**Q** 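Below you will find the structure I want to go over with you.
Bear in mind the structure is a predicted one, so any value in this text is a computation, not a measurement. Chain letters run A, B, ... following the sequence lines, proteins first, then strands; residues in each count from 1.
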There are 2 protein chains.
Amino acid sequence: MAPTSETLTAARILEATEEVLRRHGPAKATVVDVARALGVSHGSVYRHFRTKAALREAVTERWLDRTSASLSGIAAGDRDPEARLRDWFTALFTAKRHKAGDDPELFATYMVLIGENSAVVDRHIADLTGQLTEIVQDGVGRGVFTSAAPATTARALFDATGRFHDPCYARDWEQPGIETEFDAVVELVLRGLRA
Amino acid sequence: MAPTSETLTAARILEATEEVLRRHGPAKATVVDVARALGVSHGSVYRHFRTKAALREAVTERWLDRTSASLSGIAAGDRDPEARLRDWFTALFTAKRHKAGDDPELFATYMVLIGENSAVVDRHIADLTGQLTEIVQDGVGRGVFTSAAPATTARALFDATGRFHDPCYARDWEQPGIETEFDAVVELVLRGLRA
DNA sequence: CAGCTGACAGATATTGAAATCTGTCAGCTG
DNA sequence: CAGCTGACAGATTTCAATATCTGTCAGCTG
(Lines give C-alpha, C1' and ligand atoms only; values in the text may rest on other atoms or scores of the structure.)
Protein backbone atom coordinates (compact mmCIF):
# COMPACT_ATOMS: atom_id res chain seq x y z
CA MET A 1 0.00 0.00 0.00
CA ALA A 2 1.42 3.39 -1.01
CA PRO A 3 2.27 5.63 1.93
CA THR A 4 0.06 8.71 1.68
CA SER A 5 0.82 12.00 3.37
CA GLU A 6 -2.68 12.42 4.85
CA THR A 7 -3.05 12.68 8.63
CA LEU A 8 -2.82 9.36 10.41
CA THR A 9 -6.30 8.60 11.77
CA ALA A 10 -7.88 5.62 13.51
CA ALA A 11 -10.01 5.05 10.40
CA ARG A 12 -6.97 4.87 8.12
CA ILE A 13 -5.25 2.47 10.50
CA LEU A 14 -8.33 0.22 10.56
CA GLU A 15 -8.48 0.24 6.76
CA ALA A 16 -4.81 -0.75 6.55
CA THR A 17 -5.26 -3.42 9.23
CA GLU A 18 -8.10 -5.02 7.27
CA GLU A 19 -5.88 -5.09 4.21
CA VAL A 20 -2.97 -6.62 6.12
CA LEU A 21 -5.29 -9.24 7.65
CA ARG A 22 -6.66 -10.03 4.19
CA ARG A 23 -3.13 -10.44 2.80
CA HIS A 24 -1.29 -12.16 5.64
CA GLY A 25 -4.05 -13.88 7.65
CA PRO A 26 -4.70 -13.54 11.38
CA ALA A 27 -1.60 -15.44 12.54
CA LYS A 28 0.98 -13.43 10.57
CA ALA A 29 -0.56 -9.96 10.52
CA THR A 30 1.66 -7.80 12.71
CA VAL A 31 1.47 -4.22 13.89
CA VAL A 32 4.75 -3.64 12.06
CA ASP A 33 3.04 -4.78 8.83
CA VAL A 34 0.22 -2.31 9.39
CA ALA A 35 2.69 0.51 10.03
CA ARG A 36 4.67 -0.42 6.91
CA ALA A 37 1.45 -0.41 4.83
CA LEU A 38 0.78 3.12 6.04
CA GLY A 39 4.37 4.30 5.62
CA VAL A 40 4.77 5.17 9.30
CA SER A 41 6.65 3.67 12.22
CA HIS A 42 4.81 1.14 14.38
CA GLY A 43 5.08 3.52 17.32
CA SER A 44 2.59 5.80 15.58
CA VAL A 45 0.02 3.03 15.40
CA TYR A 46 0.30 2.61 19.19
CA ARG A 47 -0.64 6.30 19.54
CA HIS A 48 -4.15 5.42 18.24
CA PHE A 49 -4.58 1.89 19.64
CA ARG A 50 -3.17 0.98 23.04
CA THR A 51 -2.48 -2.65 22.09
CA LYS A 52 -2.54 -5.00 19.13
CA ALA A 53 -5.58 -6.68 20.73
CA ALA A 54 -7.46 -3.36 20.84
CA LEU A 55 -6.71 -2.81 17.15
CA ARG A 56 -7.99 -6.26 16.21
CA GLU A 57 -11.05 -5.72 18.38
CA ALA A 58 -11.88 -2.48 16.56
CA VAL A 59 -11.55 -4.24 13.18
CA THR A 60 -13.88 -7.01 14.39
CA GLU A 61 -16.45 -4.53 15.62
CA ARG A 62 -16.47 -2.67 12.30
CA TRP A 63 -17.01 -5.93 10.41
CA LEU A 64 -19.91 -7.02 12.60
CA ASP A 65 -21.50 -3.57 12.55
CA ARG A 66 -21.70 -3.67 8.77
CA THR A 67 -24.04 -6.69 9.06
CA SER A 68 -26.16 -5.13 11.80
CA ALA A 69 -26.60 -1.95 9.79
CA SER A 70 -27.77 -3.76 6.66
CA LEU A 71 -30.43 -5.63 8.67
CA SER A 72 -31.77 -2.73 10.71
CA GLY A 73 -33.61 -1.42 7.66
CA ILE A 74 -35.67 -4.60 7.41
CA ALA A 75 -36.43 -4.66 11.14
CA ALA A 76 -37.51 -1.03 11.25
CA GLY A 77 -40.05 -1.14 8.39
CA ASP A 78 -43.80 -1.09 8.96
CA ARG A 79 -44.69 -4.05 6.73
CA ASP A 80 -46.34 -7.28 7.89
CA PRO A 81 -44.27 -8.50 10.89
CA GLU A 82 -44.23 -12.11 9.68
CA ALA A 83 -42.87 -11.10 6.26
CA ARG A 84 -40.33 -8.82 7.91
CA LEU A 85 -39.17 -11.64 10.20
CA ARG A 86 -38.86 -14.01 7.27
CA ASP A 87 -36.95 -11.41 5.23
CA TRP A 88 -34.72 -10.54 8.16
CA PHE A 89 -33.61 -14.17 8.68
CA THR A 90 -33.24 -14.71 4.94
CA ALA A 91 -31.11 -11.57 4.66
CA LEU A 92 -28.97 -12.64 7.62
CA PHE A 93 -28.46 -16.14 6.24
CA THR A 94 -27.73 -14.85 2.72
CA ALA A 95 -25.26 -12.25 3.98
CA LYS A 96 -23.40 -14.75 6.16
CA ARG A 97 -23.37 -17.39 3.45
CA HIS A 98 -21.89 -14.96 0.95
CA LYS A 99 -19.27 -13.77 3.40
CA ALA A 100 -18.24 -17.37 4.06
CA GLY A 101 -18.52 -18.65 0.50
CA ASP A 102 -17.12 -15.76 -1.54
CA ASP A 103 -13.83 -15.40 0.30
CA PRO A 104 -13.32 -18.39 2.64
CA GLU A 105 -9.85 -17.30 3.70
CA LEU A 106 -11.02 -13.84 4.77
CA PHE A 107 -13.97 -15.42 6.53
CA ALA A 108 -11.63 -17.79 8.38
CA THR A 109 -9.60 -14.74 9.41
CA TYR A 110 -12.69 -13.07 10.87
CA MET A 111 -13.66 -16.31 12.62
CA VAL A 112 -10.32 -16.14 14.45
CA LEU A 113 -10.94 -12.49 15.35
CA ILE A 114 -14.43 -13.35 16.58
CA GLY A 115 -12.96 -16.06 18.80
CA GLU A 116 -10.59 -13.48 20.31
CA ASN A 117 -13.25 -10.86 20.97
CA SER A 118 -16.24 -12.45 22.65
CA ALA A 119 -17.29 -9.18 24.29
CA VAL A 120 -17.69 -7.56 20.87
CA VAL A 121 -19.62 -10.58 19.65
CA ASP A 122 -21.92 -10.42 22.67
CA ARG A 123 -22.69 -6.79 21.90
CA HIS A 124 -23.35 -7.71 18.26
CA ILE A 125 -25.77 -10.46 19.31
CA ALA A 126 -27.51 -8.06 21.70
CA ASP A 127 -27.88 -5.64 18.79
CA LEU A 128 -29.38 -8.30 16.50
CA THR A 129 -31.77 -9.68 19.12
CA GLY A 130 -32.76 -6.07 19.80
CA GLN A 131 -33.84 -5.76 16.16
CA LEU A 132 -35.76 -9.02 16.47
CA THR A 133 -37.44 -7.75 19.63
CA GLU A 134 -38.72 -4.74 17.66
CA ILE A 135 -40.34 -7.02 15.08
CA VAL A 136 -41.83 -9.33 17.70
CA GLN A 137 -43.21 -6.43 19.74
CA ASP A 138 -44.72 -4.90 16.63
CA GLY A 139 -46.33 -8.26 15.76
CA VAL A 140 -47.74 -8.63 19.26
CA GLY A 141 -49.06 -5.06 19.09
CA ARG A 142 -50.86 -5.86 15.83
CA GLY A 143 -52.22 -9.09 17.25
CA VAL A 144 -50.50 -11.39 14.73
CA PHE A 145 -47.87 -12.78 17.16
CA THR A 146 -48.15 -14.23 20.66
CA SER A 147 -45.36 -13.57 23.16
CA ALA A 148 -45.41 -13.04 26.90
CA ALA A 149 -41.87 -11.65 26.84
CA PRO A 150 -40.81 -10.30 23.42
CA ALA A 151 -37.13 -10.01 24.33
CA THR A 152 -37.01 -13.65 25.49
CA THR A 153 -38.89 -14.76 22.40
CA ALA A 154 -36.55 -12.76 20.19
CA ARG A 155 -33.58 -14.48 21.78
CA ALA A 156 -35.28 -17.86 21.27
CA LEU A 157 -35.79 -17.04 17.58
CA PHE A 158 -32.14 -16.08 17.27
CA ASP A 159 -30.98 -19.25 19.07
CA ALA A 160 -33.30 -21.52 17.08
CA THR A 161 -31.89 -20.25 13.78
CA GLY A 162 -28.25 -20.43 14.88
CA ARG A 163 -27.44 -23.08 12.33
CA PHE A 164 -28.03 -20.47 9.62
CA HIS A 165 -26.03 -17.60 10.99
CA ASP A 166 -23.52 -18.88 13.54
CA PRO A 167 -20.06 -19.07 11.94
CA CYS A 168 -19.40 -22.44 13.59
CA TYR A 169 -21.80 -23.91 11.02
CA ALA A 170 -20.21 -22.13 8.04
CA ARG A 171 -19.02 -25.35 6.43
CA ASP A 172 -22.65 -26.58 6.20
CA TRP A 173 -23.85 -23.50 4.32
CA GLU A 174 -22.70 -24.85 0.96
CA GLN A 175 -24.25 -28.29 1.46
CA PRO A 176 -27.21 -29.14 -0.78
CA GLY A 177 -30.46 -29.20 1.18
CA ILE A 178 -29.48 -26.37 3.49
CA GLU A 179 -32.20 -24.16 1.97
CA THR A 180 -34.80 -26.80 2.81
CA GLU A 181 -33.49 -27.02 6.38
CA PHE A 182 -33.59 -23.25 6.66
CA ASP A 183 -37.18 -23.09 5.43
CA ALA A 184 -38.22 -25.90 7.80
CA VAL A 185 -36.77 -24.15 10.85
CA VAL A 186 -38.15 -20.73 9.93
CA GLU A 187 -41.56 -22.25 9.24
CA LEU A 188 -41.51 -24.09 12.57
CA VAL A 189 -40.65 -21.05 14.66
CA LEU A 190 -43.08 -18.78 12.77
CA ARG A 191 -45.87 -21.27 13.45
CA GLY A 192 -44.87 -21.18 17.09
CA LEU A 193 -45.02 -17.39 17.08
CA ARG A 194 -48.41 -16.87 15.46
CA ALA A 195 -51.30 -15.72 17.64
CA MET B 1 -2.47 -49.74 33.58
CA ALA B 2 -1.39 -53.23 34.63
CA PRO B 3 -0.73 -55.62 31.75
CA THR B 4 -3.20 -58.49 32.02
CA SER B 5 -2.75 -61.86 30.39
CA GLU B 6 -6.25 -61.98 28.92
CA THR B 7 -6.63 -62.23 25.14
CA LEU B 8 -6.10 -58.97 23.31
CA THR B 9 -9.48 -57.90 21.92
CA ALA B 10 -10.77 -54.81 20.12
CA ALA B 11 -12.86 -54.01 23.20
CA ARG B 12 -9.81 -54.08 25.52
CA ILE B 13 -7.87 -51.88 23.10
CA LEU B 14 -10.72 -49.35 22.99
CA GLU B 15 -10.85 -49.30 26.78
CA ALA B 16 -7.11 -48.68 27.00
CA THR B 17 -7.29 -46.02 24.29
CA GLU B 18 -9.96 -44.12 26.21
CA GLU B 19 -7.74 -44.23 29.28
CA VAL B 20 -4.70 -43.01 27.35
CA LEU B 21 -6.75 -40.20 25.79
CA ARG B 22 -8.03 -39.25 29.25
CA ARG B 23 -4.46 -39.15 30.63
CA HIS B 24 -2.48 -37.65 27.76
CA GLY B 25 -5.06 -35.70 25.73
CA PRO B 26 -5.74 -36.02 22.00
CA ALA B 27 -2.47 -34.45 20.82
CA LYS B 28 -0.11 -36.65 22.83
CA ALA B 29 -1.99 -39.96 22.92
CA THR B 30 0.01 -42.37 20.75
CA VAL B 31 -0.52 -45.94 19.63
CA VAL B 32 2.68 -46.79 21.47
CA ASP B 33 1.11 -45.47 24.69
CA VAL B 34 -1.95 -47.66 24.16
CA ALA B 35 0.22 -50.71 23.58
CA ARG B 36 2.30 -49.93 26.67
CA ALA B 37 -0.90 -49.59 28.75
CA LEU B 38 -1.93 -53.06 27.58
CA GLY B 39 1.54 -54.57 28.03
CA VAL B 40 1.86 -55.52 24.36
CA SER B 41 3.87 -54.26 21.42
CA HIS B 42 2.28 -51.59 19.23
CA GLY B 43 2.33 -54.04 16.32
CA SER B 44 -0.38 -56.03 18.10
CA VAL B 45 -2.68 -53.04 18.23
CA TYR B 46 -2.35 -52.72 14.44
CA ARG B 47 -3.65 -56.29 14.13
CA HIS B 48 -7.04 -55.06 15.41
CA PHE B 49 -7.13 -51.51 13.97
CA ARG B 50 -5.65 -50.79 10.55
CA THR B 51 -4.61 -47.23 11.45
CA LYS B 52 -4.45 -44.86 14.37
CA ALA B 53 -7.29 -42.89 12.73
CA ALA B 54 -9.50 -46.03 12.67
CA LEU B 55 -8.81 -46.59 16.36
CA ARG B 56 -9.74 -43.02 17.26
CA GLU B 57 -12.83 -43.27 15.08
CA ALA B 58 -13.97 -46.39 16.95
CA VAL B 59 -13.48 -44.63 20.29
CA THR B 60 -15.50 -41.66 19.04
CA GLU B 61 -18.32 -43.90 17.82
CA ARG B 62 -18.51 -45.70 21.17
CA TRP B 63 -18.72 -42.41 23.01
CA LEU B 64 -21.52 -41.05 20.80
CA ASP B 65 -23.42 -44.34 20.88
CA ARG B 66 -23.61 -44.19 24.67
CA THR B 67 -25.65 -40.96 24.34
CA SER B 68 -27.91 -42.35 21.60
CA ALA B 69 -28.65 -45.45 23.63
CA SER B 70 -29.64 -43.53 26.74
CA LEU B 71 -32.11 -41.42 24.72
CA SER B 72 -33.72 -44.18 22.69
CA GLY B 73 -35.67 -45.30 25.75
CA ILE B 74 -37.41 -41.93 25.97
CA ALA B 75 -38.16 -41.82 22.24
CA ALA B 76 -39.59 -45.33 22.15
CA GLY B 77 -42.09 -44.97 25.02
CA ASP B 78 -45.83 -44.66 24.46
CA ARG B 79 -46.43 -41.65 26.66
CA ASP B 80 -47.78 -38.29 25.48
CA PRO B 81 -45.61 -37.26 22.49
CA GLU B 82 -45.24 -33.68 23.69
CA ALA B 83 -43.98 -34.81 27.11
CA ARG B 84 -41.66 -37.31 25.45
CA LEU B 85 -40.24 -34.63 23.16
CA ARG B 86 -39.71 -32.28 26.09
CA ASP B 87 -38.05 -35.04 28.14
CA TRP B 88 -35.92 -36.12 25.21
CA PHE B 89 -34.48 -32.64 24.68
CA THR B 90 -34.05 -32.12 28.42
CA ALA B 91 -32.23 -35.45 28.71
CA LEU B 92 -30.00 -34.59 25.74
CA PHE B 93 -29.16 -31.15 27.12
CA THR B 94 -28.55 -32.49 30.63
CA ALA B 95 -26.34 -35.32 29.39
CA LYS B 96 -24.25 -33.00 27.21
CA ARG B 97 -23.98 -30.38 29.90
CA HIS B 98 -22.73 -32.91 32.41
CA LYS B 99 -20.23 -34.36 29.97
CA ALA B 100 -18.87 -30.87 29.30
CA GLY B 101 -19.03 -29.56 32.85
CA ASP B 102 -17.92 -32.56 34.91
CA ASP B 103 -14.66 -33.21 33.08
CA PRO B 104 -13.88 -30.31 30.73
CA GLU B 105 -10.53 -31.73 29.66
CA LEU B 106 -12.01 -35.06 28.61
CA PHE B 107 -14.80 -33.23 26.84
CA ALA B 108 -12.25 -31.10 24.96
CA THR B 109 -10.52 -34.34 23.96
CA TYR B 110 -13.75 -35.70 22.51
CA MET B 111 -14.40 -32.42 20.73
CA VAL B 112 -11.10 -32.91 18.92
CA LEU B 113 -12.06 -36.49 18.05
CA ILE B 114 -15.45 -35.31 16.80
CA GLY B 115 -13.72 -32.79 14.55
CA GLU B 116 -11.60 -35.59 13.08
CA ASN B 117 -14.52 -37.95 12.44
CA SER B 118 -17.32 -36.07 10.73
CA ALA B 119 -18.67 -39.24 9.10
CA VAL B 120 -19.24 -40.79 12.54
CA VAL B 121 -20.87 -37.58 13.73
CA ASP B 122 -23.17 -37.52 10.70
CA ARG B 123 -24.29 -41.07 11.50
CA HIS B 124 -24.87 -40.07 15.13
CA ILE B 125 -27.01 -37.10 14.06
CA ALA B 126 -28.97 -39.33 11.67
CA ASP B 127 -29.56 -41.68 14.60
CA LEU B 128 -30.82 -38.88 16.88
CA THR B 129 -33.05 -37.30 14.23
CA GLY B 130 -34.38 -40.80 13.58
CA GLN B 131 -35.48 -40.99 17.22
CA LEU B 132 -37.09 -37.55 16.89
CA THR B 133 -38.89 -38.67 13.74
CA GLU B 134 -40.43 -41.53 15.71
CA ILE B 135 -41.84 -39.12 18.28
CA VAL B 136 -43.12 -36.67 15.66
CA GLN B 137 -44.75 -39.43 13.63
CA ASP B 138 -46.39 -40.80 16.75
CA GLY B 139 -47.67 -37.31 17.61
CA VAL B 140 -49.05 -36.82 14.10
CA GLY B 141 -50.71 -40.25 14.29
CA ARG B 142 -52.39 -39.29 17.54
CA GLY B 143 -53.48 -35.96 16.11
CA VAL B 144 -51.54 -33.81 18.63
CA PHE B 145 -48.80 -32.68 16.20
CA THR B 146 -48.94 -31.22 12.69
CA SER B 147 -46.22 -32.15 10.21
CA ALA B 148 -46.31 -32.65 6.44
CA ALA B 149 -42.92 -34.40 6.51
CA PRO B 150 -42.01 -35.81 9.95
CA ALA B 151 -38.36 -36.46 9.03
CA THR B 152 -37.90 -32.85 7.86
CA THR B 153 -39.68 -31.56 10.95
CA ALA B 154 -37.53 -33.77 13.16
CA ARG B 155 -34.42 -32.34 11.57
CA ALA B 156 -35.79 -28.81 12.07
CA LEU B 157 -36.37 -29.58 15.76
CA PHE B 158 -32.82 -30.87 16.07
CA ASP B 159 -31.37 -27.84 14.27
CA ALA B 160 -33.47 -25.36 16.25
CA THR B 161 -32.18 -26.75 19.56
CA GLY B 162 -28.55 -26.93 18.45
CA ARG B 163 -27.49 -24.35 21.00
CA PHE B 164 -28.32 -26.87 23.73
CA HIS B 165 -26.60 -29.94 22.35
CA ASP B 166 -23.99 -28.92 19.79
CA PRO B 167 -20.53 -29.03 21.42
CA CYS B 168 -19.55 -25.75 19.75
CA TYR B 169 -21.79 -24.04 22.32
CA ALA B 170 -20.39 -25.97 25.29
CA ARG B 171 -18.89 -22.85 26.90
CA ASP B 172 -22.39 -21.30 27.13
CA TRP B 173 -23.89 -24.25 29.02
CA GLU B 174 -22.59 -23.01 32.38
CA GLN B 175 -23.84 -19.45 31.89
CA PRO B 176 -26.69 -18.31 34.12
CA GLY B 177 -29.92 -17.96 32.17
CA ILE B 178 -29.20 -20.86 29.85
CA GLU B 179 -32.13 -22.81 31.37
CA THR B 180 -34.47 -19.94 30.53
CA GLU B 181 -33.17 -19.84 26.97
CA PHE B 182 -33.60 -23.60 26.68
CA ASP B 183 -37.19 -23.40 27.91
CA ALA B 184 -37.97 -20.52 25.54
CA VAL B 185 -36.69 -22.39 22.48
CA VAL B 186 -38.38 -25.68 23.40
CA GLU B 187 -41.64 -23.84 24.09
CA LEU B 188 -41.42 -22.02 20.77
CA VAL B 189 -40.85 -25.13 18.67
CA LEU B 190 -43.47 -27.15 20.57
CA ARG B 191 -46.01 -24.41 19.88
CA GLY B 192 -45.03 -24.61 16.22
CA LEU B 193 -45.53 -28.35 16.26
CA ARG B 194 -48.97 -28.57 17.88
CA ALA B 195 -51.96 -29.45 15.72
C1' DC C 1 0.13 -71.85 12.70
C1' DA C 2 -2.27 -67.87 14.98
C1' DG C 3 -0.85 -64.34 17.33
C1' DC C 4 2.82 -61.51 18.86
C1' DT C 5 7.41 -59.09 18.58
C1' DG C 6 10.65 -55.64 17.43
C1' DA C 7 13.56 -53.51 13.79
C1' DC C 8 12.91 -50.46 10.14
C1' DA C 9 11.68 -46.39 6.68
C1' DG C 10 9.27 -42.46 6.16
C1' DA C 11 6.32 -39.07 8.47
C1' DT C 12 5.47 -36.16 12.39
C1' DA C 13 6.57 -33.84 16.68
C1' DT C 14 9.83 -31.67 19.95
C1' DT C 15 13.38 -28.60 21.20
C1' DG C 16 16.30 -24.79 21.80
C1' DA C 17 18.87 -21.13 19.50
C1' DA C 18 18.12 -17.21 16.52
C1' DA C 19 14.96 -13.94 14.54
C1' DT C 20 10.99 -11.15 14.92
C1' DC C 21 7.41 -8.83 17.30
C1' DT C 22 5.04 -6.00 21.03
C1' DG C 23 4.79 -2.13 23.74
C1' DT C 24 7.54 1.88 25.79
C1' DC C 25 9.70 6.11 25.78
C1' DA C 26 13.33 9.71 25.28
C1' DG C 27 14.23 12.67 21.90
C1' DC C 28 13.62 14.60 17.04
C1' DT C 29 10.97 17.46 13.64
C1' DG C 30 7.88 20.63 11.27
C1' DC D 1 4.62 21.41 21.26
C1' DA D 2 1.78 17.69 19.00
C1' DG D 3 2.85 14.10 16.53
C1' DC D 4 6.23 10.97 14.91
C1' DT D 5 10.57 8.14 15.13
C1' DG D 6 13.51 4.39 16.21
C1' DA D 7 16.24 1.90 19.73
C1' DC D 8 15.31 -1.11 23.36
C1' DA D 9 13.75 -5.11 26.78
C1' DG D 10 11.04 -8.82 27.28
C1' DA D 11 7.77 -11.94 24.97
C1' DT D 12 6.70 -14.65 21.07
C1' DT D 13 7.61 -16.99 16.76
C1' DT D 14 10.49 -19.39 13.39
C1' DC D 15 13.53 -22.89 11.86
C1' DA D 16 16.39 -26.74 11.57
C1' DA D 17 18.37 -30.50 14.03
C1' DT D 18 16.92 -34.26 16.79
C1' DA D 19 13.78 -37.48 18.74
C1' DT D 20 9.56 -39.95 18.54
C1' DC D 21 5.80 -42.03 16.18
C1' DT D 22 3.17 -44.66 12.48
C1' DG D 23 2.52 -48.52 9.84
C1' DT D 24 4.87 -52.79 7.80
C1' DC D 25 6.65 -57.20 7.88
C1' DA D 26 9.94 -61.11 8.43
C1' DG D 27 10.58 -64.07 11.84
C1' DC D 28 9.84 -65.83 16.74
C1' DT D 29 6.97 -68.35 20.24
C1' DG D 30 3.66 -71.23 22.63
Side-chain angles (χ1 to χ4, degrees), chain A residues 1-60 105 108-109 112-113 115-117 120, chain B residues 1-61 105 108-109 111-113 115-117 120:
Chain A
M1 183 168 280
T4 71
S5 53
E6 285 171 50
T7 333
L8 188 61
T9 61
R12 284 188 64 220
I13 293 173
L14 289 177
E15 204 68 53
T17 306
E18 280 190 1
E19 179 60 21
V20 167
L21 281 165
R22 184 175 284 116
R23 275 223 170 80
H24 297 45
K28 290 188 182 174
T30 71
V31 175
V32 171
D33 290 330
V34 173
R36 189 169 22 241
L38 289 162
V40 298
S41 81
H42 74 281
S44 301
V45 173
Y46 280 97
R47 175 164 301 278
H48 291 85
F49 295 93
R50 266 203 305 286
T51 64
K52 183 187 184 181
L55 176 57
R56 289 165 79 112
E57 185 179 303
V59 169
T60 308
E105 269 187 70
T109 293
V112 171
L113 293 184
E116 287 170 359
N117 296 287
V120 173
Chain B
M1 183 169 282
T4 71
S5 53
E6 285 171 51
T7 333
L8 188 61
T9 60
R12 284 188 63 222
I13 293 172
L14 288 177
E15 205 67 54
T17 306
E18 280 190 2
E19 179 60 21
V20 168
L21 281 165
R22 197 186 314 277
R23 276 223 169 79
H24 296 48
K28 289 189 183 173
T30 72
V31 176
V32 171
D33 289 331
V34 173
R36 189 168 23 238
L38 289 163
V40 298
S41 81
H42 74 281
S44 302
V45 173
Y46 280 97
R47 176 164 301 279
H48 292 85
F49 295 92
R50 268 203 306 285
T51 63
K52 182 187 185 183
L55 175 57
R56 288 165 79 112
E57 186 180 303
V59 170
T60 308
E61 191 158 38
E105 268 188 71
T109 293
M111 282 190 58
V112 171
L113 293 183
E116 286 171 0
N117 296 286
V120 172

**Q** In whole angstrom, give the distance that lies between atom CZ of B:Arg56 and atom C1' of D:dG23.
**A**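 That distance rounds to 16 Å.
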**Q** Rounded to whole angstrom units, what separation is found between the CD1 atom of B:Ile13 and the P atom of D:dT22?
**A**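 Distance check: B:Ile13 CD1 to D:dT22 P gives 14 Å.
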**Q** Of all the heavy-atom pairs spanning B:Phe49 and B:Leu14, show the shortest one and how long it is.
**A**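 In terms of heavy atoms, the two residues are closest at CZ-CD2, 3.8 Å.
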**Q** Please report, rounded to the nearest Å, how far the P atom of D:dG3 is from the NE2 atom of A:His48.
**A**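 Going from A:His48 (NE2) to D:dG3 (P), I get 8 Å.
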**Q** Given A:Arg12, which of A:Leu38, A:Thr7, A:Thr17 fulfils the side-chain contact (heavy atoms from CB on, under 4.5 Å) condition?
**A**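 Exactly one candidate clears the test, A:Leu38.
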**Q** B:Leu55 has an atom CG; how far is it from atom P of D:dC21, in whole Å?
**A** 15 Å
**Q** With heavy atoms under 4.0 Å as the rule, sort A:Val32 into base, sugar-phosphate or nothing.
**A**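 If one applies the 4.0 Å heavy-atom cut-off, A:Val32 turns out to touch a base.
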**Q** Of the candidate nucleotides D:dG23, C:dG23, C:dG6, which contains the atom at the shortest distance from the side chain of A:Tyr46?
**A** C:dG23
**Q** Starting at the 5' end of DNA chain D and moving along, which residue's nearest nucleotide shows up first, B:Arg47 or B:Lys52?
**A** B:Lys52
**Q** Rounded to whole Å, how long is the line connecting atom CG of A:Asp33 with atom P of C:dT22?
**A**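 Between P of C:dT22 and CG of A:Asp33: 8 Å.
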**Q** Any strand is fair game: report the nucleotide pairing with C:dA26 by Watson-Crick or G-U wobble, both distances under 3.5 Å, or none.
**A** D:dT5
**Q** Choosing from D:dT5, C:dG6, D:dC4, which nucleotide comes nearest the side chain of A:Leu8?
**A** D:dC4
**Q** Would you confirm whether B:Arg56, through its side chain, and B:Asn117, through its main-chain N or O, come within 3.5 Å as a donor-acceptor pair?
**A** no
**Q** Verify, without hydrogens or angle tests, whether B:His48 (side chain) and B:Leu8 (backbone) share a donor-acceptor contact under 3.5 angstrom.
**A**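 Flag set: sc B:His48 to bb B:Leu8 pair under 3.5 Å.
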**Q** Which part of the nucleic acid, if any, lies within contact of A:Thr30, taking any heavy atom under 4.0 Å across all strands shown: a base, the sugar-phosphate backbone alone, or nothing?
**A**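 Answer is sugar-phosphate: A:Thr30 comes under 4.0 Å of backbone atoms only.
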**Q** Distance check needed: C:dT24 P versus A:Phe49 CZ, whole Å only.
**A** 15 Å
**Q** What are the two closest heavy atoms between A:Ala37 and A:Val20, and how far apart are they?
**A** CB-CG2, 4.2 Å
**Q** Could you tell me how far apart A:His42 (NE2) and C:dC25 (C1') are, to the nearest whole angstrom?
**A** 11 Å
**Q** What is the distance from CG of B:Leu38 to P of C:dT5, rounded to the nearest Å?
**A**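 The distance from CG of B:Leu38 to P of C:dT5 comes to 10 Å, rounded to the nearest Å.
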**Q** Compare the minimum distances between each of D:dG23, C:dC4, C:dT24 and the side chain of B:Ser44, then state the nucleotide with the smallest one.
**A**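 Within the option list, the nearest is C:dC4.
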**Q** If D:dC21 has a Watson-Crick or G-U wobble mate with both distances under 3.5 Å, name it; if not, just say none.
**A** C:dG10
